[in-house]
Each structure stands twice: as structure tokens, then as C-alpha cells.
A.B. asks: 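Please find one structure pasted underneath; my questions will follow.
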There are 2 protein chains.
Amino acid sequence: MKRKPTPDHLLLDQQFCFALYAASRSITGLYRPLLDPLGLTYPQYLVMLVLWEQDGLTVRELGQRLQLDSGTLTPLLKRLQAAGLVDRKRRIEDEREVDIRLTAAGLALREQASDVPKCMAQRLQLSLDQMQTLRDELKRLTRQLQLSPTED
Amino acid sequence: MKRKPTPDHLLLDQQFCFALYAASRSITGLYRPLLDPLGLTYPQYLVMLVLWEQDGLTVRELGQRLQLDSGTLTPLLKRLQAAGLVDRKRRIEDEREVDIRLTAAGLALREQASDVPKCMAQRLQLSLDQMQTLRDELKRLTRQLQLSPTED
DNA sequence: CAAAATTAAATTGTGTACAATTCAATTTTT
DNA sequence: AAAAATTGAATTGTACACAATTTAATTTTG
């Protein structure tokens with residue numbers, strides 16, 4: 001008695017989601033050798049990108065930007081603080097909120113990070129155009145998912 | 001004295017990699033309500049997909065397929081074993097290797113999982129064609145990165 | 001064939017992710 | 001204004017990821 005083979009739609013190689021998951025981890029791995037010298041992990045680098053863009057955000061605002069909650073951000077930010085890259089202090093206007101500010105060292109690190117995107121782009125072997133197209137499709141996808149989380 | 005603004009290439013919204021990272025986590029979140037009833041996490045679901053496709057792989061072979069190492073797989077597989085979905089035992093031919101086999105319950109779960117891909121596809125709001133195109137681009141990207149990890 | 005090298009899992013340690021709860025501060029209601 | 005509801009971080013607990021080390025088994029070499 002033969003066993004039914006796996007239907008096509010359950011094959012790993014058919015899964016859009018695995019392709020995404022694998023690509024995401026692959027790329028994080030590609031960042032590692034670039035970020036190690038800066039003393040940053042990839043999620044920490046993302047936090048720094050946001051702060052370089054706009055300093056003095058609260059944990060909540062950082063979370064909105066990066067789609068991460070306080071359970072992830074609080075310990076991550078404490079590590080950035082321990083590394084001397086950010087300061088954390090309660091807002092005077094509202095003591096519930098914690099203000100995250102770059103230190104001088106944190107701001108200075110931006111210069112060192114300045115080459116990272118170019119290095120990555122080279123390693124990715126994608127044209128700028130391909131990269132933008134793919135990026136925008138992914139952004140659209142993410143936006144779509146966040147608008148209608150369970151409906152449809 | 002004005003501070004230099006962040007150069008464009010360091011803006012979060014410009015980052016291809018953040019788009020990928022955010023999309024990946026978004027989609028994992030979308031799987032959660034579908035997989036919860038099966039008692040699986042998303043990475044556990046991926047392991048099950050591989051085993052449904054080909055039963056009796058070693059930890060190493062599973063790792064190759066999913067790009068995960070034993071540090072991730074060993075505890076994950078122990079949890080699947082604790083859930084009664086797989087058996088783990090040393091190979092007789094080579095006692096270093098651990099053979100992972102579906103239990104009857106593990107095999108039976110495939111029927112329940114059968115609708116998951118269709119549900120996901122619906123929620124993603126992408127045509128089958130768009131999904132395949134995007135998937136194949138991501139696969140190509142991952143393959144590319146694994147071929148030339150640091151060179152170029 | 002015994003020592004050295006290699007290999008496969010497991011273990012250890014660090015750092016995310018994220019659900020759920022807690023705690024304190026602020027707003028809203030009554 | 002006091003009680004109730006809400007909000008923002010932090011905390012707790014579970015589950016990945018992944019580098020690095022350890023352990024045991026097998027191969028390769030001298």
C-alpha cells in the first residue's frame with residue numbers, strides 16, 4: 001500500500017514564505033561582517049538608522065517605525081546604552097515615556113556606517129533598479145498585511 | 001551650527017534589507033493564527049513540510065534544506081518530539097547521525113495543514129503569478145548570497 | 001593499526017521576537 | 001476630584017537564530 005505523496009502546495013520549494021524567510025536570514029548574515037566592526041547587530045543597526053534620521057524618539061515611536069515591541073526594544077536599547085551609543089531617560093512631560101537619544105559616540109558612528117549600504121548593494125548583485133522594485137513590492141506587501149491583519 | 005542630515009542611503013525607508021526583514025516578520029505573524037490550532041510555530045511548520053516531503057532525514061540534512069544549524073534544530077526537534085510528532089534516534093550505520101522520523105500523529109497532521117498555503121495565499125493579496133515571480137527572485141537572491149558569501 | 005583529523009549533534013552563551021502580564025503614570029468618566 | 005480606563009515601558013516566559021565549544025563516533029593518515 002503506497003503512501004500518498006505530498007501535494008504540490010505543501011512542497012517547501014513552492015513556499016513563497018520560506019523564500020522570504022531564508023532570504024531575510026541570508027541577508028542578515030551578510031550584514032554581520034560589516035556590522036561586527038561597528039559593534040552592532042543587525043537589529044541594533046536598524047535602531048541606529050532610525051535615530052540618525054531623527055534623534056530623541058520614544059521607545060514607542062521607535063517601535064512603530066521598526067515594527068518591534070518593548071519586549072524586544074527594551075533589552076536591545078539597554079545594550080546600546082551599555083555600549084555608550086544612546087542615553088535613555090524618562091520624559092518630563094510624561095514620565096511613562098522613555099526618550100532615546102544618541103550620545104556623541106552614537107552620532108559619530110554614523111560616519112563609520114556610511115559605507116555599509118554601498119557594500120551591501122555590491123554583495124547583493126542586484127541592479128539599483130531591481131533592488132528598488134523588489135524593495136517596493138515587499139513594502140507594499142508588508143503594508144497590505146498590516147492593514148488587514150485577519151480579514152479578507 | 002547645523003548638523004548634517006542623514007545621507008539618503010542611510011534612510012530606513014531606502015533599505016532593501018529592512019523591507020525584507022519587516023516583510024518576513026509580518027508574514028510569520030500571519031501564519032501564527034493558522035498554525036496555532038496545529039500546535040506548530042512557523043519554523044516547526046517548515047520542518048514538518050520537509051519531513052512530509054521526505055521522511056527519515058538526519059538533523060544535518062534538515063539543516064541543509066532549511067539553512068538552520070543544530071543549535072536551532074536540536075531544541076526545536078526535541079519540542080516536536082515532546083509534542084509527539086517526530087521520533088529521534090541515532091542511526092545504526094553511523095551513530096553520530098540522528099534520524100528524524102514522523103510519528104503517525106506527525107504524518108496525520110499533514111491533512112490538517114493542507115489548507116494552510118491556500119489560506120496564506122488569500123491573505124497575501126497577491127496573484128499566483130506575482131507570488132511566483134517574487135518567490136523566484138528571492139530564491140535567486142538567497143542562492144546568490146550562499147554561493148559567494150564574502151567575495152566580489 | 002594507532003594517532004590525528006574530520007564529522008554530526010549537542011551544548012553554551014548572547015541576542016532577538018513576541019505574547020502576556022505587571023507597574024506606574026496619565027486621561028477619561030462619573 | 002476620586003475611581004476607572006488607558007497608555008508606555010518593563011518584565012516574564014517561550015522559542016528561535018547563530019557563533020563557538022564540546023563530545024562522541026568515524027575516517028584518514030602516517
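Every chain is numbered from 1 and lettered A, B, ... according to where its sequence line falls, protein lines coming before strand lines.
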A.B. asks: Of the candidate nucleotides C/dA8, D/dG8, C/dA10, which contains the atom at the shortest distance from the side chain of A/Arg60?
C.D. replies: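 That would be D/dG8.
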
A.B. asks: The side chain of B/Leu68 is closest to which nucleotide in this list: D/dA25, C/dA24, D/dA17?
C.D. replies: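 Closest nucleotide to the B/Leu68 side chain: D/dA17.
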
A.B. asks: When you measure from the side chain of A/Arg96, which nucleotide among C/dA10, D/dA17, C/dA25 comes out closest?
C.D. replies: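 The listed nucleotide nearest to A/Arg96's side chain is C/dA25.
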
A.B. asks: Step through the shown structure and confirm whether more than 12 heavy atoms of other residues, nucleotides or ligands are within 6.0 Å of CG on B/Asp36.
C.D. replies: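 Counting other residues, nucleotides and ligands, CG of B/Asp36 exceeds 12 neighbours.
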
A.B. asks: To the side chain of A/Gln44, which of C/dT16, D/dC16, C/dT26 is closest?
C.D. replies: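 Output: C/dT16.
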
A.B. asks: Between P on D/dC16 and CG on B/Leu62, what's the gap in Å once rounded to a whole number?
C.D. replies: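 That distance rounds to 14 Å.
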
A.B. asks: Taking only side-chain N and O atoms of A/Arg79, does any of them lie within less than 4.0 angstrom of OP1 or OP2 on C/dT14?
C.D. replies: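 Indeed not, no polar side-chain atom of A/Arg79 lies that close.
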
A.B. asks: Could you check which of C/dA25, C/dA9, C/dT16 has an atom nearest any side-chain atom of A/Glu95?
C.D. replies: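 Comparing C/dA25, C/dA9, C/dT16 against the side chain of A/Glu95, the answer is C/dA25.
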
A.B. asks: Counting only side-chain N and O atoms of B/Arg25, is one of them less than 4.0 Å from OP1 or OP2 of C/dC18?
C.D. replies: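 Yes, B/Arg25 has a side-chain N/O under 4.0 Å of OP1/OP2 on C/dC18.
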
A.B. asks: How close or far is atom C1' of D/dC16 from atom CG of B/Leu35, stated in whole angstroms?
C.D. replies: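 Computing the B/Leu35:CG to D/dC16:C1' distance gives 15 Å.
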
A.B. asks: Just N and O in the side chain of B/Thr58: are any of them under 4.0 Å from OP1 or OP2 of C/dA9?
C.D. replies: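 Answer yes for this pair, as a side-chain N or O of B/Thr58 is under 4.0 Å from OP1 or OP2.
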
A.B. asks: Taking only the side-chain nitrogens and oxygens of B/Thr41, find out if one of them lies under 4.0 Å from OP1 or OP2 of D/dT14.
C.D. replies: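 False: B/Thr41 side-chain N/O out of range (4.0 Å or more) of D/dT14 OP1/OP2.
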
A.B. asks: Using only side-chain N and O atoms of A/Lys78, determine if any of them is under 4.0 Å from OP1 or OP2 of C/dT16.
C.D. replies: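 For C/dT16, OP1/OP2 do not have a side-chain N/O of A/Lys78 under 4.0 Å.
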
A.B. asks: Ion pair present between B/Lys89 and B/Asp87, side-chain N to carboxylate O less than 4.0 angstrom?
C.D. replies: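 So B/Lys89 does not pair with B/Asp87 through a salt bridge.
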
A.B. asks: Measure CD/A/Glu97 against P/C/dA24 and give the value in whole Å, please.
C.D. replies: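 Taking atom P of C/dA24 as the reference, CD of A/Glu97 is at 18 Å.
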
A.B. asks: Check every atom of C/dA9, C/dT16, D/dA9 against the side chain of B/Thr74 and return the nucleotide holding the closest atom.
C.D. replies: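 Looking only at side-chain atoms, B/Thr74 lies closest to C/dA9.
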
A.B. asks: Between P on C/dA8 and CZ on B/Arg88, what's the gap in Å once rounded to a whole number?
C.D. replies: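 Taking CZ of B/Arg88 and P of C/dA8, I get 17 Å after rounding.
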
A.B. asks: Look at A/Asp13 together with B/Arg65 and state whether they make a salt bridge at an N to O cut-off of under 4.0 Å.
C.D. replies: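 Looking at B/Arg65 together with A/Asp13, the answer is yes, because their closest N to O distance falls below 4.0 Å.
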
A.B. asks: Rounded to whole Å, how long is the line connecting atom CG of B/Leu73 with atom P of D/dA15?
C.D. replies: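 Nearest whole value for this atom pair: 15 Å.
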
A.B. asks: Would you kindly give the OH-to-C1' distance between B/Tyr21 and C/dG15, to the nearest whole Å?
C.D. replies: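 B/Tyr21 atom OH is separated from C/dG15 atom C1' by 11 Å.
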
A.B. asks: Could you tell me whether the phosphate oxygens of C/dA24, OP1 or OP2, come under 4.0 Å of any side-chain nitrogen or oxygen in A/Arg90?
C.D. replies: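 For C/dA24, OP1/OP2 do not have a side-chain N/O of A/Arg90 under 4.0 Å.
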
A.B. asks: Report the distance from atom CG of A/Leu77 to atom P of D/dG8, rounded to the nearest whole Å.
C.D. replies: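 Rounded to whole Å, this separation is 16 Å.
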
A.B. asks: Once rounded to the nearest 0.5 Å, what's the spacing between atom CG of B/Leu124 and atom SG of B/Cys119?
C.D. replies: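 So the CG of B/Leu124 and the SG of B/Cys119 are separated by 11.0 Å.
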
A.B. asks: Let me know, please, whether A/Thr28 or A/Ser70 comes out on the 5' side of the other along DNA chain D by nearest nucleotide.
C.D. replies: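 Looking at DNA chain D, the more 5' nearest nucleotide goes with A/Ser70.
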
A.B. asks: Taking the side chain of B/Asp69 as its heavy atoms from C-beta onward, which of C/dG15, D/dC18, C/dA19 lies nearest to it?
C.D. replies: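 Within the option list, the nearest is D/dC18.
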
A.B. asks: Please table the atom pairs, donor to acceptor, closer than 3.5 Å between any side-chain atom in residues 15-23 of chain A and protein atoms at least two apart or in another chain.
C.D. replies:
from    : atom 1 : to      : atom 2 : distance (Å)
A/Gln15 : NE2    : A/His9  : O      : 2.8
A/Gln15 : NE2    : A/Leu11 : O      : 3.1

